[in-house]
2 protein chains.
Amino acid sequence: MALLRPPLAAAVAALLLLAASAAAAVAAGTVFPGDPPLQLRAQAARRPASSGGGRYAVSAAAAAAAGRNETAAAAAKPFTARYFPQELDHFTFTPNSSALFYQKYLVNDTFWRRSSGAGGDTAGPIFVYTGNEGDIEWFATNTGFMFDIAPRFGAMLVFIEHRFYGESKPFGNDSNSSAEKLGYLTSTQALADFAVLITSLKQNLSAVAAPVVVFGGSYGGMLASWFRLKYPHVTIGAVASSAPILQFDYITSWSSFYDAVSQDYKSESLNCFSVIKAAWDLMDERGSTDAGLLQLSKIFRACKTVKSVYSFRNWLWTAFVYTAMVDYPTPANFLMNLPAYPVKEMCKIIDGFPAGADIVDKAFAAASLYYNYTGDQTCFELEDGGDPHGLSGWGWQACTEMVMPMTISNESMFPPFTFTYEGKSDDCFQSYGVRPRPHWITTEYGGNKIDLVLKRFGSNIIFSNGMRDPWSRGGVLKNISSSIFALVTEKGAHHLDFRSATKDDPDWVVEQRRQEVEIIQGWIDQYNKDIAQMSK
Amino acid sequence: MALLRPPLAAAVAALLLLAASAAAAVAAGTVFPGDPPLQLRAQAARRPASSGGGRYAVSAAAAAAAGRNETAAAAAKPFTARYFPQELDHFTFTPNSSALFYQKYLVNDTFWRRSSGAGGDTAGPIFVYTGNEGDIEWFATNTGFMFDIAPRFGAMLVFIEHRFYGESKPFGNDSNSSAEKLGYLTSTQALADFAVLITSLKQNLSAVAAPVVVFGGSYGGMLASWFRLKYPHVTIGAVASSAPILQFDYITSWSSFYDAVSQDYKSESLNCFSVIKAAWDLMDERGSTDAGLLQLSKIFRACKTVKSVYSFRNWLWTAFVYTAMVDYPTPANFLMNLPAYPVKEMCKIIDGFPAGADIVDKAFAAASLYYNYTGDQTCFELEDGGDPHGLSGWGWQACTEMVMPMTISNESMFPPFTFTYEGKSDDCFQSYGVRPRPHWITTEYGGNKIDLVLKRFGSNIIFSNGMRDPWSRGGVLKNISSSIFALVTEKGAHHLDFRSATKDDPDWVVEQRRQEVEIIQGWIDQYNKDIAQMSK
């Protein structure tokens with residue numbers, strides 16, 4: 001079968017060139033829960049030592065302080081990395097399937113209440129983060145909620161890296177080189193990895209009876225909820241934050257994601273929305289000549305002259321979409337260092353321009369907030385890919401199992417785009433030599449009529465969503481049963497509840513986290529009660 | 001990797017020769033729910049045309065009549081065979097994984113109540129048999145219960161063949177030739193096959209909302225219950241008859257199976273039990289010389305002189321174990337044509353011998369009931385393998401996923417046998433070039449503390465067991481929740497409830513089936529009520 005074109009950024013670029021509406025194609029083909037397109041992730045990691053003053057370096061002192069805190073935390077590293085020998089393929093017994101690879105996981109047992117071994121004395125719970133599409137230390141660092149609540153539960157914390165990401169590559173650096181290897185990168189294998197690892201870990205800890213609660217955000221949240229549904233014997237409950245498990249097939253409107261992003265901006269100001277909506281055509285027009293590209297490169301402060309207008313579009317698109325996702329009510333640094341309510345801040349920038357100012361200037365200025373809030377970028381690498389969090393497997397996953405159809409409607413602030421399964425399949429075949437199984441996720445995990453199915457099946461899942469996050473539209477937004485809850489915050493963003501508590505958190509976040517703690521406590525109490533009853 | 005020694009019977013023979021306690025090794029290595037060791041199945045199919053009078057041809061007229069009925073039913077074939085293009089590997093996307101094979105399934109829609117398409121008019125249910133380790137027509141023919149109840153439910157019947165059995169061989173006749181091919185024979189793949197096929201079938205029937213209930217017996221019952229647990233979005237409930245889902249790891253006592261068989265015989269007569277218990281050593285002694293083997297061959301009416309004493313032991317072992325499993329209260333022909341209560345009949349034969357008669361003679365006479373109840377065998381093929389129902393994949397499954405540890409205690413009527421995981425692993429590696437993953441089943445499907453796990457998770461499963469069936473000991477024998485039931489009959493045998501109703505059925509079987517119908521009706525009513533409520 002076809003070799004992949006290395007690196008994956010090239011595959012994305014191929015999609016770019018193939019699609020009629022190229023910027024939209026990037027949007028539809030490379031968005032995934034929580035992260036920007038592959039070629040646009042480098043900036044976060046590669047801050048130049050020289051700290052040139054960016055045009056919109058507002059509130060730089062505060063941002064720098066936040067940055068220092070995170071650096072200090074990272075230096076302390078409140079976890080220990082371990083490695084577990086994992087089988088390559090849990091679901092077949094072909095000769096290759098039993099090859100072992102080492103799966104990384106992080107452990108913090110500072111607060112864990114060990115069992116004394118006496119009867120009736122149960123061990124503290126094990127809180128497991130079901131890792132998603134990136135290196136696990138990044139997710140652990142951005143899931144402060146688990147560290148915050150561990151002491152009160154006497155919980156051990158475990159963060160398991162998803163196969164094919166970070167250091168958990170079954171074929172080392174060669175893991176992404178071909179469909180023969182990448183073929184083993186699937187959600188079902190990942191769930192089985194979690195089951196095998198957790199089961200073995202509990203045995204080794206002599207804590208077989210310790211209750212396990214799984215946590216996950218974004219794709220990790222999908223995995224957490226699916227894990228509870230598929231492995232109820234391994235976990236007593238799941239907290240799935242911003243998990244768009246209904247973003248498949250025809251369950252959720254295909255235009256909902258970009259409509260939601262647009263709504264975020266429109267809710268701040270109609271002018272903001274209209275400026276961004278008008279920018280795309282203008283850029284296309286100007287970018288149609290070499291002179292125009294040169295002019296745009298200057299406006300966009302490009303480190304090198306940009307060769308394709310799509311790079312500008314893509315750069316803007318990333319800023320607007322991902323800022324909507326991480327529209328947190330406090331300063332945060334998940335994808336990028338950003339102030340509180342960054343969408344509002346972007347719109348303030350746009351609305352603050354004098355009458356008659358250039359639309360592209362406005363759009364660039366707003367987007368700069370995303371890329372350069374700390375003000376240390378002297379220029380922008382608009383065409384340079386990178387993969388600071390080791391995320392490069394998602395392109396493959398989106399071309400195999402994770403087919404989330406997305407269109408862009410005329411009413412949105414983005415250039416319209418139409419999705420077809422045929423087009424997606426052809427693009428994937430061209431890029432990876434693989435064709436998606438677009439209805440597999442709903443066949444394997446369900447999703448259609450989820451309220452009907454789970455009303456009388458399963459238990460102990462929290463689906464949390466913030467409506468500022470466009471992924472919320474593919475999430476579970478209504479309670480399903482007396483133990484499958486939807487916690488929805490109007491002003492929340494992408495797995496906001498999983499971030500460390502800060503003194504500036506609005507009441508509604510504090511309340512959401514309080515509810516989660518209460519529900520989790522209920523699961524553990526019930527479990528211990530059941531155990532005590534049965535051992536009588 | 002190592003090629004298999006073709007045919008599989010040779011692999012079994014290898015196990016036989018390897019093990020210290022060879023007969024026990026056959027027992028432990030080749031028993032599977034519902035069927036005798038591979039090399040002992042040929043007799044059922046190859047009845048010679050000439051009908052010589054067997055020594056124990058009791059009640060031959062009745063048996064012959066039963067045989068005619070089944071032949072007539074088979075000729076009518078109350079189902080149509082269809083073939084579904086199925087993917088080889090649902091859980092990876094390696095280049096091989098998307099290869100298609102044709103999976104056979106049987107359909108009977110005589111009684112199906114189609115939806116008129118009007119609102120509120122739901123289609124009749126679809127009853128699906130989740131096929132196990134044999135050709136699907138055999139299971140369909142032996143699951144008359146589904147045909148019996150289809151009219152009252154307006155149900156469509158579907159029987160899906162398990163991959164690698166019958167006509168559903170992904171690599172045709174070459175499918176069992178190597179671990180590269182057999183590697184795709186796993187329970188998880190089989191469940192996914194069912195999910196994909198059922199989902200597609202419902203779409204093609206324009207009956208997406210029709211409720212699906214799955215049925216399975218023995219290993220098929222394990223699959224049915226696991227299917228409900230893993231695919232609640234595809235089926236609303238499962239009837240798992242004689243499904244030993246707890247016969248793994250350390251959940252069920254390893255000696256329970258053979259203790260239960262022994263108990264069946266002991267409950268008929270202590271003499272019967274003692275005669276059988278004494279036979280093994282006697283045969284070993286006599287079979288240690290060529291003259292002894294010749295003498296035993298005569299006693300056993302062997303068509304050809306037998307070369308190993310283990311063949312006699314194996315032949316007897318099969319008769320006693322499988323007769324216990326199918327100790328039905330009415331004449332039946334599942335594995336063999338047998339009278340009602342065949343264990344009682346066997347013990348009557350043993351107890352009917354004059355004082356001082358030879359123990360081996362008695363054991364042979366009793367076992368002959370199993371092989372020759374109809375009296376048409378002029379001699380017995382004691383060393384000849386065969387595979388009339390296309391079952392040869394089970395050896396592989398027992399060496400990969402389906403590791404059910406079994407020992408034989410000193411208190412049983414069989415020669416003692418000790419099981420070790422290491423020994424099992426080495427035997428499997430020698431036979432198939434594969435090593436089992438002995439704890440995989442409980443990791444993937446659970447089983448430990450099943451009452452604790454399912455008390456608050458899942459719903460709508462019936463586990464039915466008959467205590468005469470030694471597999472019952474590995475089954476779920478107590479109600480778990482208000483919708484996960486255990487229906488247990490003291491005098492029932494291996495998936496007796498799934499057999500066609502007959503006028504001679506004892507009241508307790510009639511009652512068990514009535515309860516099953518009532519529960520299934522409750523699931524369907526509830527589902528239709530939920531649907532109606534939600535569409536309001």
Side-chain angles (χ1 to χ4, degrees), chain A residues 1 87 89-98 179-186 188-189 192 195-196 199 208-209 228-234 236 396 400-401 433-435 437 439-440 442-460 483 526-527 530-531 534, chain B residues 1 87 89-98 179-186 188-189 192 195-196 199 208-209 228-234 236 396 400-401 433-435 437 439-440 442-460 483 526-527 530-531 534:
Chain A
M1 285 295 286
E87 261 157 333
D89 187 348
H90 300 284
F91 304 108
T92 77
F93 283 82
T94 58
N96 285 339
S97 72
S98 295
E180 274 89 351
K181 297 187 171 79
L182 274 168
Y184 298 98
L185 166 52
T186 64
T188 49
Q189 300 280 358
V196 170
T199 304
V208 171
R228 169 62 183 157
L229 289 172
K230 296 283 191 187
Y231 296 89
H233 47 288
V234 184
I236 66 162
W396 169 265
T400 50
E401 292 180 321
V434 74
R435 289 192 183 275
R437 297 176 192 159
H439 309 295
W440 166 246
T442 51
T443 303
E444 176 67 10
Y445 301 114
N448 287 296
K449 290 197 164 60
I450 193 170
D451 45 351
L452 178 68
V453 173
L454 297 187
K455 186 178 178 181
R456 300 182 193 284
F457 185 95
S459 57
N460 297 6
S483 70
Q526 187 68 71
Y527 174 83
D530 285 347
I531 288 234
M534 286 181 181
Chain B
M1 285 294 285
E87 262 156 331
D89 186 349
H90 299 284
F91 303 107
T92 77
F93 283 84
T94 58
N96 285 340
S97 71
S98 295
E180 274 89 351
K181 297 187 171 76
L182 274 168
Y184 298 98
L185 166 52
T186 65
T188 49
Q189 299 280 358
V196 170
T199 303
V208 172
R228 169 62 183 159
L229 289 174
K230 296 282 191 187
Y231 296 89
H233 47 289
V234 184
I236 65 163
W396 170 265
T400 49
E401 294 181 319
V434 73
R435 289 193 183 275
R437 296 176 192 160
H439 309 295
W440 166 246
T442 51
T443 302
E444 176 66 11
Y445 301 114
N448 287 295
K449 291 197 164 57
I450 193 170
D451 45 352
L452 178 67
V453 172
L454 297 187
K455 185 179 179 179
R456 302 185 193 281
F457 185 97
S459 56
N460 296 6
S483 70
Q526 187 68 71
Y527 174 83
D530 286 346
I531 289 235
M534 286 180 181

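Bear in mind the structure is a predicted one, so any value in this text is a computation, not a measurement. Chain letters run A, B, ... following the sequence lines, proteins first, then strands; residues in each count from 1.
Contacts of H439(A) with chain B are absent, with no heavy-atom separation under 4.5 Å from either backbone or side chain. For chain B, the nearby part of K455(A) is the side chain; its heavy atoms alone come within less than 4.5 Å. For chain B, the nearby parts of T400(A) are the backbone and the side chain; heavy atoms of each come within less than 4.5 Å. With a 4.5 angstrom heavy-atom cutoff, S98(A) touches chain B via backbone and side-chain atoms both. Proximity to chain A (any heavy atom under 4.5 Å) is shown, for T443(B), by both the backbone and the side chain. For S483(A), no part lies near chain B; criterion is any non-hydrogen pair under 4.5 Å.
Residues T94(A) and E180(B) have side chains not in contact (no heavy-atom distance under 4.5 Å, counting atoms from C-beta outward).
Looking only at distances, a side-chain donor or acceptor of T186(A) sits under 3.5 Å from a matching main-chain atom of F91(B). The closest donor-acceptor contact from the side chain of H233(A) to the backbone of V453(B) lies at 3.5 Å or more, if one exists at all. In this structure, S459(B) contributes its side chain and R456(A) its backbone to a donor-acceptor pair below 3.5 Å.
Using the six-membered ring where Trp is involved, F93(A) and W396(B) have ring planes that are perpendicular, over 60° apart on the 30 and 60° scheme.
Under a cutoff of 6.0 Å and an axis angle of 45°, K230(B) and Y445(A) do not form a cation-pi pair.
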